[in-house]
Amino acid sequence: MTATYPVGALCSTCYHHRRRNPRTCVECGNTRIAAGRTSEDGDLCGPCSGRPDLHTTCRQCDYPGDIYANGRCTRCAITDRVTQLLPGPDGTIAPPFQPLADALTQAEKPWSVMSWLRTSAAAGLLDELTTEHTEISHGLLDRLPQSTVTRNVRHHLVMTGALPERHETFARLELWARATLEALPPHQSRIVSPFAEWHVIKDARRRAERGRYTPGAAKADRGNIRAAILLLNWLDQHQLTLPDLHQEDLDLWLRQNPTRRQAVHSFVRWLTKRKLTRPLDTQLARKGFPANFQTDDEHEQQLRRCLTDEALPRELRIVGALIRLYALPISRIKEITTSQFQLNDAGAFLTIDRHPVLLPPTLARLIKAHIASPQASSMLKPRASSGPDYLLPGRHAGRPLSAGHLIKRLRNHDLPTRAARNTAMITAITELPPIVVSDLFGLSAATTFQWAKFAQQNWTDYLALHD
């Protein structure tokens, strides 16, 4: 128990909630801290419930509650703290940081901002930077260790307009590659640097310009460069050069590094094409027919659960249903924006790729409710021009929930993803022509026709085994 009000004994959570959220008193009509309650459950302020000492207002802005310290409310205290954090030469907020200052002082939850200012390492780094520099640029942040703290500072500056936007996933790849290549000995750098710059990064830049470069793709690209370095390190340890590399040597390395086979494949092909080594084969096997499926009863039961089980978090119900209805990978679901959902006289539609897909009414209601009240916990709101409004907003403004976070939560609720997606895909491909599946779900024609081939060859046998 923290306090005793006329309404009764209050725990810490209820006490702070009442002080931070003043309400209209049903007796005097003033907006004040709700200290009491009428017999009809109406809110009463402190004076009207016999406790005039519970009527407090900010001595600076007259806000009727949420006193933080020295008789001032949290928002007024934040304004002073932000002015100290982002100082200009004349003691006011420096113009380059004004957008960030406005976002902090005008946030919907000022107590969250105050907690961030007091305890966050990102706020501490921002304080250091503004003390030493009159302006902050991407280049300045690039020269710092690329930690979570640095990334958070950059994100807040970009989202509020204090820094220009850039393709951050690609920029991180460039920064990582630069630091990694600079640490290599010269004889390795002469090989790995051209591979990284003109093969890996060049292709990544092209995909980033088209808006199709994802964190997963960046992870794979880093893996390709790491595999190249590991192979060259192995050659050095065995006193071999690239011209000396024989197929049996590569086979031995692959046996010792079985998880690197896919990653080193690109490097070996690049070496062979440029005649830096003799023709070599990584023996990369083609991906076979997926083996992880659900029975029809399992699939239908889980879909029904996603659509009707109100005990499940709403965002997981939406993701689970989209996987089971349209075979969408989570990496694409998390990128869906609110503008892709449309309601008209014909029904509710979701544009997955180029063509709108009719949604079941239950799923449409879920999505509509989620857009109306998203479950976001971001401290700040992004600028209107800072990017799309995601259907599944994450903790940080302007970012969606991460795929890994969603997969983990779905798994914790006994909603597998891969088996469900494979089952939905095989169901769609056996009921619709491949080209229709390609157009509706945004898959390549080659992928859908390969699935059709798999279904024709293997699906009948699979069903027979599970009867």
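Being a predicted model, the structure only gives us computed values, none of them experimental.
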Flag for [Y]-[X]: side-chain donor and acceptor within less than 3.5 Å:
| X | Y | value |
| --- | --- | --- |
| Asp297 | Gln301 | no |
| Thr423 | His299 | no |
| Gln188 | Asn233 | yes |

Enter the distance from [X]:[atom1] to [Y]:[atom2] here, rounded to the nearest 0.5 Å.
| X | Y | atom1 | atom2 | result |
| --- | --- | --- | --- | --- |
| His17 | Asn21 | NE2 | CG | 4.5 Å |
| Ile318 | Leu359 | CD1 | CG | 10.5 Å |
| Phe267 | Arg260 | CZ | CZ | 13.5 Å |
| Ile333 | Leu322 | CD1 | CG | 5.0 Å |
| Gln302 | Glu298 | CD | CD | 6.5 Å |
| Arg23 | Ile33 | CZ | CD1 | 11.5 Å |

Residues, nucleotides or ligands: over 12 heavy atoms within 6.0 Å of [X] [atom1]:
| X | atom1 | answer |
| --- | --- | --- |
| Arg118 | CZ | no |
| Arg81 | CZ | yes |
| Gln256 | CD | yes |

Any heavy-atom pair between the side chains of [Y] and [X] that's under 4.5 Å?
| X | Y | result |
| --- | --- | --- |
| Pro194 | Trp270 | yes |
| Thr24 | Asp43 | no |
| Val149 | Leu144 | no |
| Tyr15 | Tyr5 | yes |
| Thr180 | Trp176 | yes |
| Leu250 | Thr277 | no |
| Leu406 | Leu401 | yes |
| Glu168 | Val158 | no |

Donor-acceptor contact below 3.5 Å, side chain [X] vs main chain [Y]:
| X | Y | result |
| --- | --- | --- |
| Ser120 | Leu117 | no |
| Asp249 | Leu245 | no |
| Glu174 | Ile201 | no |
| Arg37 | Val7 | no |
| Thr150 | Pro145 | yes |
| Ser438 | Pro434 | no |
| Arg210 | Arg205 | no |
| Gln146 | Leu141 | yes |
| Arg75 | Ala107 | yes |
| Gln294 | Ala419 | no |

For the pair Ile330 and Leu410, evaluate side-chain contact (heavy atoms from CB on, under 4.5 Å) and give the outcome as yes or no after the intermediate values.
CA-CA 11 Å; Ile330 288 185; Leu410 286 167; 3.7 Å; yes
What pair of heavy atoms forms the shortest contact from [X] to [Y], and how long is it?
| X | Y | answer |
| --- | --- | --- |
| Tyr326 | Leu358 | OH-O, 3.1 Å |
| Thr169 | Ala218 | CG2-CB, 3.7 Å |
| Pro400 | Glu335 | CG-OE2, 4.1 Å |
| Leu303 | Ala321 | CD1-CA, 4.1 Å |
| Ala364 | Ala348 | CB-CB, 3.3 Å |
| Arg332 | Ile352 | NH2-O, 3.1 Å |

Can the ring centroids of Trp116 and His156 be said to lie less than 6.0 angstrom from one another?
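Yes, they do, as the ring centres are separated by less than 6.0 Å.
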What do you reckon, are the aromatic ring centroids of Phe341 and Phe349 less than 6.0 Å apart?
no
Go through Arg19 and Asp66 one step at a time and tell me if the salt bridge (Lys or Arg N to Asp or Glu O under 4.0 Å) criterion holds.
CA-CA 5 Å; Arg19 291 182 64 83; Asp66 191 26; over 6 Å; no
Dump the intermediate steps for salt bridge (Lys or Arg N to Asp or Glu O under 4.0 Å) on Arg324 and Glu300, then the final yes or no.
CA-CA 9 Å; Arg324 287 156 180 79; Glu300 182 179 351; over 6 Å; no
Should the ring pair Phe170 and His167 be called parallel, tilted or perpendicular, given that the plane angle runs from 0 to 90° and is split at 30 and 60?
perpendicular
Would you check, one step at a time, whether the test side-chain contact (heavy atoms from CB on, under 4.5 Å) holds for Trp253 with Val264?
CA-CA 10 Å; Trp253 186 87; Val264 85; 3.8 Å; yes
Check the pair Leu157, Arg154 against side-chain contact (heavy atoms from CB on, under 4.5 Å), reporting the backbone distance first and the verdict last.
CA-CA 5 Å; Leu157 292 170; Arg154 190 194 305 272; 5.8 Å; no
Kindly indicate, with the supporting measurements, whether the criterion side-chain contact (heavy atoms from CB on, under 4.5 Å) is fulfilled by Glu310 and Arg317.
CA-CA 9 Å; Glu310 296 187 358; Arg317 296 173 64 188; 3.9 Å; yes
Where at least one partner belongs to residues 405-419, residue pairs that pass side chain to side chain donor-acceptor pair (under 3.5 Å), sequence neighbours excluded
Glu315-Arg409
Is there a salt bridge (Lys or Arg N to Asp or Glu O under 4.0 Å) between Asp221 and Arg226 once you walk through the steps?
CA-CA 9 Å; Asp221 285 341; Arg226 286 193 184 101; over 6 Å; no
Could you go through the salt bridge (Lys or Arg N to Asp or Glu O under 4.0 Å) check for Asp203 and Arg207 one step at a time?
CA-CA 6 Å; Asp203 179 66; Arg207 284 181 287 166; 3.0 Å; yes
